[in-house]
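Let me begin by presenting the structure, written as structure tokens, before commenting on it.
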Amino acid sequence: MSTTPDPIAALATLPGVADSVDSVRKAVDRVYGHRIMRRRSNEITSEAALRGARGSAALSGAEWALEEVRRRSDFSGDDEARTVGGALRLTAEAGQLLSIWRQSPLRVLARLHLVAAADSAEAAGRPRLAGETVEEPLIELSLPDADEVAGRLEGLSQLIIAGSSAPALVMAAVVHGELLSLRPFGSHNGLVARAAERIVLVGSGLDPKSICPAEAGHAELGRASYLAALDGYASGTPGGMAAWIAHCGKAVELGVRESTAVCEALQRGAA
């Protein structure tokens, strides 16, 4: 029997984390049990994708109303429009990468950045090199150097490939927090980190139909709360890590609430 330690699973034993995991599971089970899901789950998935993209863009500084995101077809204008466009593309792309994630997570992250950037520049789709800058003004954590980024990305990749007994929420929170802390790419790290969180939640089986948009929940909790929780993750302390996992759990639950409201609206319309 292998005695290789599972550091991600160990986080599930931190005080309060088990409660967050249990609360998320119950919330997800409730929305999956909604009667409208049996007949119209594709509509719920599409709406969740839109709301998730809108939330992710808002956390990266493009705070558009949901109806504006729904209405627009051209996202090539200013920086905010390009951010929203990148979030929408990532939401669509994430579902195509589920089968690759567990075998080659670094390849998936490179693809996510390429899609987010929509740029033919040399730096698109690869981790930054020594001396390269990062355009991520809303995140003020100290920036790890390129060597540290490479080492920690490889470590994260190996943990994902090896698999973990950690609950899906814990794994998703670690992937999200690690990518935001590292900011491995020259831009769009927030969008990529949140898309990776979505991939873990869906691929783990917790949210197989992708109807629980954690990104919308993170946005509802607010950028200040998001960044404060991220500081806790970056601190590496047990309390900080537990607080970040709990924050991610609350975001999933708020995403569930969004989709439950959509289910209720569709049910009223069908009555």
Side-chain angles (χ1 to χ4, degrees), residues 12 17-58 64-73 84 87-102 108 112 163-173 175-176 194-221 245-271:
V17 170
D19 290 340
S20 294
V21 168
D22 185 55
S23 182
V24 166
R25 167 49 71 190
K26 288 177 179 176
V28 172
D29 285 348
R30 282 194 297 271
V31 72
Y32 270 86
H34 197 287
R35 59 182 296 185
I36 210 75
M37 282 293 295
R38 293 195 293 272
R39 295 178 287 112
R40 304 178 71 174
S41 64
N42 288 343
E43 292 173 71
I44 309 302
T45 296
S46 296
E47 186 65 20
L50 188 72
R51 293 174 184 231
R54 182 258 167 202
S56 190
W64 287 18
L66 181 62
E67 290 309 313
E68 177 68 5
V69 178
R70 198 189 306 279
R71 179 186 68 81
R72 288 281 287 268
S73 58
V84 175
L88 287 166
R89 290 191 300 274
L90 281 178
T91 300
E93 186 75 10
Q96 309 302 313
L97 299 171
L98 291 169
S99 63
I100 307 171
W101 175 254
R102 281 292 300 274
V108 169
L112 291 174
S164 172
S165 61
L169 171 64
V170 176
M171 176 63 83
V175 168
H176 185 170
R194 291 183 288 275
E197 179 186 51
R198 172 181 287 267
I199 287 172
V200 175
L201 293 171
V202 174
S204 67
L206 177 65
D207 179 23
K209 294 183 182 294
S210 194
I211 62 167
C212 307
E215 308 98 317
H218 284 299
E220 185 174 342
L221 288 167
I245 294 167
H247 182 93
C248 291
K250 184 63 175 175
V252 175
E253 292 187 60
L254 289 172
V256 167
R257 190 175 71 180
E258 291 266 324
S259 288
T260 300
V262 174
C263 287
E264 295 293 333
L266 289 174
Q267 184 168 282
R268 287 193 298 272

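Scope of the values below: all heavy atoms of this structure, side chains included, with no hydrogens, waters or symmetry mates. As the structure is a computational prediction, the values presented were derived from the model and not from experiment.
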Output for pair (Ile36 CD1, Glu264 CD), nearest 0.5 Å, gives 8.5 Å

Report yes if some heavy atom in the side chain of Cys263 is under 4.5 Å from a heavy atom in the side chain of Ile44; otherwise report no. yes

Looking only at heavy atoms, what is the nearest atom pair of Cys248 and Leu169, with distance? C-CD1, 3.9 Å

Nearest 0.5 Å, please: how far is CZ in Arg54 from CG in Leu66? 7.0 Å

Using every non-hydrogen atom in the two residues, find where Ala168 and Leu206 come nearest and quote the distance to one decimal. CB-CB, 3.9 Å

How would you list, by chain and number, every residue that makes a side chain to side chain donor-acceptor pair (under 3.5 Å) with Ser164, sequence neighbours excluded? Asp6

For Ala27, check side-chain contact (heavy atoms from CB on, under 4.5 Å) against everything at least two apart and list the hits. Arg30, Glu253, Val256

In terms of heavy-atom contacts, Thr45 and Ile211 come closest through OG1-CG2, 3.4 Å

Among Val17, Val24, Val21, side-chain contact (heavy atoms from CB on, under 4.5 Å) partner for Ile245: Val17

Non-hydrogen side-chain atoms of Val175 and Ile199 separated by less than 4.5 Å: no

side-chain contact (heavy atoms from CB on, under 4.5 Å) with Glu93: which residues, sequence neighbours excluded? Leu97, Arg111, Val115

Let me check something: any side-chain donor-acceptor pairs from residues 212-219 under 3.5 Å, sequence neighbours excluded? List them with distances.
| unit_1 | atom_1 | unit_2 | atom_2 | d |
| --- | --- | --- | --- | --- |
| Glu215 | OE1 | Arg198 | NH2 | 3.1 |
| Glu215 | OE2 | Arg198 | NE | 2.9 |
| Glu215 | OE2 | Arg198 | NH2 | 3.3 |
| His218 | NE2 | Glu197 | OE1 | 3.3 |
| His218 | NE2 | Glu197 | OE2 | 3.4 |

Which heavy-atom pair separates Gly33 from Arg38 by the least distance, and what is that distance? O-NH1, 4.5 Å

Pairwise side-chain contact, Val252 with Asp207, heavy-atom cut-off 4.5 Å (strictly under): no

Only counting residues at least two apart or in another chain, list the ones meeting side-chain contact (heavy atoms from CB on, under 4.5 Å) with Ala49. Thr91

Listed by chain and number, what are the salt bridge (charged side-chain N to carboxylate O under 4.0 Å, His left out) partners of Glu258, not counting sequence neighbours? Arg51

Looking at Arg70 and Glu47, does any basic side-chain N land under 4.0 Å from a carboxylate oxygen? yes

Partners meeting side chain to side chain donor-acceptor pair (under 3.5 Å) with Trp101 (sequence neighbours left out): none

Listed by chain and number, what are the side chain to side chain donor-acceptor pair (under 3.5 Å) partners of Asp22, not counting sequence neighbours? Lys26

Taking salt bridge (charged side-chain N to carboxylate O under 4.0 Å, His left out) as the definition, give me every residue that meets it alongside Asp29, ordered by chain and number, with sequence neighbours left out. Arg25

Mark yes or no for whether Ser56, through its side chain, and Gly52, through its backbone, hold a donor-acceptor pair below 3.5 Å. no

Please name the pair of heavy atoms, one in Ala53 and one in Leu88, separated by the smallest distance, quoted to 0.1 Å. CB-CD2, 3.6 Å

In short, Leu201 meets Ala172 closest at the heavy-atom pair CD2-CB, 3.7 Å

side-chain contact (heavy atoms from CB on, under 4.5 Å) filter on Ser41, not counting sequence neighbours, yields Met37, Lys209

With sequence neighbours excluded, residues passing salt bridge (charged side-chain N to carboxylate O under 4.0 Å, His left out) with Arg257: Glu220

Taking only residues two or more places apart in sequence, or in another chain, which ones meet Glu68 in a salt bridge (charged side-chain N to carboxylate O under 4.0 Å, His left out)? Arg71, Arg72

